[in-house]
Number of protein chains: 2
Amino acid sequence: MNADGMRTSPPTLHDVARVAGVSLATASRVLNGSERKVAESFRERVEKAAEELGYTANASAQATARGTSAVIALLVADIADPYFGQIAAGVARGADAQGLIVTVAITERDADREAKILRALRGQRPRGVILAASRAETPDARTTAELAAFAPLGGRTVTFGEGGDRSIRIDNRGGAERLGREMAARGYRRAIAIGADEGVRTSDDRLAGFTAGFGDGGGRIERVYRGTFERESGAASMTTALAEGVDAGTLVFALSDVVAVGAMTAIRDGGRSVGDDIAVCGFDDVPVSRDVTPRLTTVRVPLADLGYEAFRATVDAEWEQPPLELEVVVRESTPGR
Amino acid sequence: MNADGMRTSPPTLHDVARVAGVSLATASRVLNGSERKVAESFRERVEKAAEELGYTANASAQATARGTSAVIALLVADIADPYFGQIAAGVARGADAQGLIVTVAITERDADREAKILRALRGQRPRGVILAASRAETPDARTTAELAAFAPLGGRTVTFGEGGDRSIRIDNRGGAERLGREMAARGYRRAIAIGADEGVRTSDDRLAGFTAGFGDGGGRIERVYRGTFERESGAASMTTALAEGVDAGTLVFALSDVVAVGAMTAIRDGGRSVGDDIAVCGFDDVPVSRDVTPRLTTVRVPLADLGYEAFRATVDAEWEQPPLELEVVVRESTPGR
DNA sequence: TTGAAAGCGCTAACAC
DNA sequence: GTGTTAGCGCTTTCAA
């Protein structure tokens, strides 16, 4: 403190120890929940001093001294996208419960950026990194290299899809296959797929699965429109499809709900209607699929739970992904024929 | 390195210096972009060594040594909520551009939890904290105290609403007033308000503004249903309202778009329809308001931009919030009478 | 320009 | 049970 009693910099453990009249070590022991015993009288004095001074341990200093940080790094393509929002919520739930900090970085679906961020993240020496944004078919080489670089740092990497120390696996193919089968069962025979993201594993699996299931039921995918997993991309693809002609009774398989929502808007803007005219189904079951009209038929993926699992996977010594059955949810956007 | 050339712990600056055959200080100078000049030959050797070893500076150690961290802490009620998702995206955009890390914590709309998180966050010694989740009318006492505690640490606090060193202000009252006026002009005379969050400033301002504007145009709010700014709350309130009876031609003013979306679902589930039967308007213009059918009339709040502004406010020495005009966006959910 | 050395705030042996 | 002290990895005076 200076003359007028105003503190000019935050109180340190040293200050607390001095005020309490104990050693640095003792102060540290009572304030950081170490195992070692401290006499009650000392403990009280330290706590009182810490309280008075408004002391909070400096996390960076603790991390340097301990050699481990308390951060979980999360990488997503776009935090405002409901798909990633759900995942992030799950990760945050787990981390908060353990007193860990979660940092968020945005890749903007750019592999280059992804690798750069991963590299920068290394400096954080995170306890774990969760990559929920990879866009590559086979994991991008740079991403793989950066991911590997976390090993010597002691941090565990968990990826949605392949590439990390541990993976969160979603049976995109199986889910899509069931969806395709169900759609065929409901009488659809012709379909177009939109939002298929070139070189993205998730997209390819979903497309392959749907094609198989729908085919088994006697249906056929007539055209595939490429794009990204973004709303605008879905709208653009649908607009193009409409321009090329879409017969009434056609089913649109959007490779993600977000894409489906964009497509629904485009269908209406094109003067058509969703449902009996053009049916639409998606994948993910993000919250918005229940809010659109007609409500969207889709495949439910418990994203928040998976985010939580991803968190567990970063911190638990033993971990195994719980079995996950993707459920087809039929709603009004596919009334059947 | 040990005998077989495998590194067992991450390379330190010390290692780099040794391999490069220079001093610690020199290595530090070339690797951290300090102002000081280093001879080209030295620089090259250091960079080469760093590259070879795969060196990445330990951010915690840097933070302790420098006395400042590179983190911006963001507090939101729920990261999966589009309102906060948009804000987070804006914050992340700004932070990423400056090489700062953003940490996210979830308050779950709980004042107690908010205070606790703020306290824990202090340990991070963040460069700035952005509070986008406060639920109180007058800022909660504990929150205020925790916010104040950041001052001696050198971090700046920015709040959506009052309470921090700097505030992001949204003219909720003015926007709602214009919305109310516009709705009256479109022929509505009777309205009910839902989702009004008890004790939440934002909510009160919106309600007051709408009441005034709508009243000026000859309209009247007949009932107010309390709740939170969550989708389910909106649905529940609307269900209750329906049970009590809602005449055709009534306008529902939902205090946020998320609430409005919940209400729309409830209206349909109640066997009524949105538009000519029961009109609905919201506030915020989150992405989903353009995806529902009929599309939602609302007041556009540039949330992502405000998130970006909040970021600027935490880091810029000089900062002033750019003037912000909230625009009423009339869509099909309020067809007029 | 370069390097030696004293911190930054905290932890964890190790000794008393 | 308590205190001393040597680090943790990095930055930054201060001499040379």
Side-chain angles (χ1 to χ4, degrees), chain A residues 7-47 49-50 53-70 122-127 152-155, chain B residues 7-46 49-50 53-70 122-126 152-155:
Chain A
R7 178 161 292 288
T8 123
S9 62
T12 69
L13 187 58
H14 194 102
D15 298 325
V16 175
R18 192 169 35 66
V19 170
V22 301
S23 75
L24 238 191
T26 299
S28 172
R29 295 200 264 258
V30 357
L31 260 20
N32 72 1
S34 103
E35 295 306 294
R36 306 204 31 180
K37 290 195 160 31
V38 173
E40 196 49 39
S41 64
F42 279 64
R43 154 159 278 117
E44 277 169 13
R45 272 155 59 197
V46 171
E47 278 167 350
L53 269 48
Y55 170 78
T56 318
N58 181 322
S60 294
Q62 284 185 308
T64 19
R66 292 208 248 250
T68 72
S69 75
R122 245 156 63 196
Q124 300 282 118
R125 302 283 188 274
R127 189 107 105 211
L153 306 188
Chain B
R7 177 161 293 287
T8 124
S9 64
T12 69
L13 188 58
H14 194 102
D15 297 326
V16 175
R18 192 169 35 67
V19 170
V22 302
S23 74
L24 241 190
T26 300
S28 171
R29 297 201 261 259
V30 358
L31 259 20
N32 71 2
S34 101
E35 296 305 294
R36 305 203 31 181
K37 289 196 160 33
V38 173
E40 196 49 39
S41 62
F42 279 67
R43 153 160 280 117
E44 277 169 14
R45 273 156 57 197
V46 172
L53 269 46
Y55 171 79
T56 318
N58 180 320
S60 295
Q62 283 186 309
T64 24
R66 292 208 249 251
T68 72
S69 75
R122 243 154 67 194
Q124 300 283 119
R125 302 285 186 272
L153 307 187

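Quick note: numbers below take in every heavy atom, side chains included, and nothing from hydrogens, waters or symmetry partners. Naming: A, B, ... by sequence-line order, numbering from 1 per chain.
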K.L.:
Looking only at side-chain N and O atoms, does B/Q62 come under 4.0 Å of OP1 or OP2 in D/dC10?
P.N.:
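For B/Q62, the contact criterion (side-chain N or O under 4.0 Å from OP1 or OP2 of D/dC10) is not met.
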
K.L.:
Classify the nucleic acid contact of B/A39 as base, sugar-phosphate or nothing, counting any heavy atom under 4.0 Å across all strands shown.
P.N.:
sugar-phosphate

K.L.:
Rounded to whole Å, please give me the gap between CZ in A/R66 and C1' in D/dG7.
P.N.:
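One finds 15 Å between C1' of D/dG7 and CZ of A/R66, rounded.
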
K.L.:
Whole angstroms only, please: what is the CG-P distance between A/L31 and C/dC10?
P.N.:
9 Å

K.L.:
With respect to the phosphate group of D/dC10, does any side-chain polar atom (N or O) of B/N32 fall under 4.0 Å of OP1 or OP2?
P.N.:
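Looking at the OP1 and OP2 atoms of D/dC10, neither is under 4.0 Å from any side-chain N or O of B/N32.
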
K.L.:
Atom CG of B/L153 and atom P of C/dC8: how far apart are they, to the nearest Å?
P.N.:
17 Å

K.L.:
Considering only D/dT11, C/dA13, C/dG9, which nucleotide approaches the side chain of A/A25 most closely?
P.N.:
C/dA13

K.L.:
Please test B/V30 against B/E44 for side-chain contact (heavy atoms from CB on, under 4.5 Å), starting from the C-alpha separation and ending with a verdict.
P.N.:
CA-CA 9 Å; B/V30 358; B/E44 277 169 14; over 6 Å; no

K.L.:
Starting from P on D/dG9, measure out to CG on B/D15 and report it in whole angstrom.
P.N.:
9 Å

K.L.:
Using atom CZ of B/R18 as one end and atom P of D/dG9 as the other, report the distance to the nearest whole Å.
P.N.:
13 Å

K.L.:
Is the base of D/dG9 touched by the side chain of A/R125 through a donor-acceptor pair closer than 3.5 angstrom?
P.N.:
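It does not, because no donor-acceptor pair links the side chain of A/R125 to the base of D/dG9 below 3.5 Å.
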
K.L.:
Let me know the distance between CG of B/L13 and C1' of D/dT12, rounded to the nearest Å.
P.N.:
13 Å

K.L.:
Could you go through the side-chain contact (heavy atoms from CB on, under 4.5 Å) check for A/R45 and A/T26 one step at a time?
P.N.:
CA-CA 11 Å; A/R45 272 155 59 197; A/T26 299; over 6 Å; no

K.L.:
Any idea which of D/dC8, D/dT11, C/dT2 is nearest the B/F42 side chain?
P.N.:
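Taking heavy atoms from C-beta onward, the closest nucleotide is C/dT2.
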
K.L.:
Checking contacts here: which listed nucleotide (D/dC10, D/dC8, D/dG3) is nearest the side-chain heavy atoms of A/V22?
P.N.:
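For A/V22, the side-chain atoms sit closest to D/dG3.
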
K.L.:
Measure from NZ on B/K37 to C1' on C/dT1 and round the result to the nearest Å.
P.N.:
11 Å

K.L.:
When you get a sec, tell me which of D/dT2, D/dT11, C/dG9 is the closest nucleotide to the side chain of A/T26?
P.N.:
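Selected nucleotide: D/dT2.
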
K.L.:
After noting the C-alpha distance and the side-chain angles of B/T12 and B/N58, does the key distance pass the side-chain contact (heavy atoms from CB on, under 4.5 Å) rule?
P.N.:
CA-CA 8 Å; B/T12 69; B/N58 180 320; over 6 Å; no

K.L.:
Please figure out whether B/A57 or B/R29 has its closest DNA chain D nucleotide nearer the 5' end.
P.N.:
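The residue closer to the strand's 5' end, by nearest nucleotide, is B/A57.
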
K.L.:
Which whole-number value in Å describes the distance from A/E40 CD to D/dT2 P?
P.N.:
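About 10 Å, once rounded to whole Å.
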
K.L.:
Please report the interatomic distance CG(A/L13) to CZ(A/R18), rounded to the nearest 0.5 Å.
P.N.:
11.5 Å

K.L.:
Output yes when at least one side-chain N/O atom of B/S23 is less than 4.0 Å from OP1 or OP2 of C/dA4, else no.
P.N.:
no

K.L.:
Name the residue from A/D15, A/V16, A/V46 that meets the side-chain contact (heavy atoms from CB on, under 4.5 Å) definition with A/Y55.
P.N.:
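Going through A/D15, A/V16, A/V46 one by one, the side-chain contact (heavy atoms from CB on, under 4.5 Å) with A/Y55 is satisfied by A/V16 alone.
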
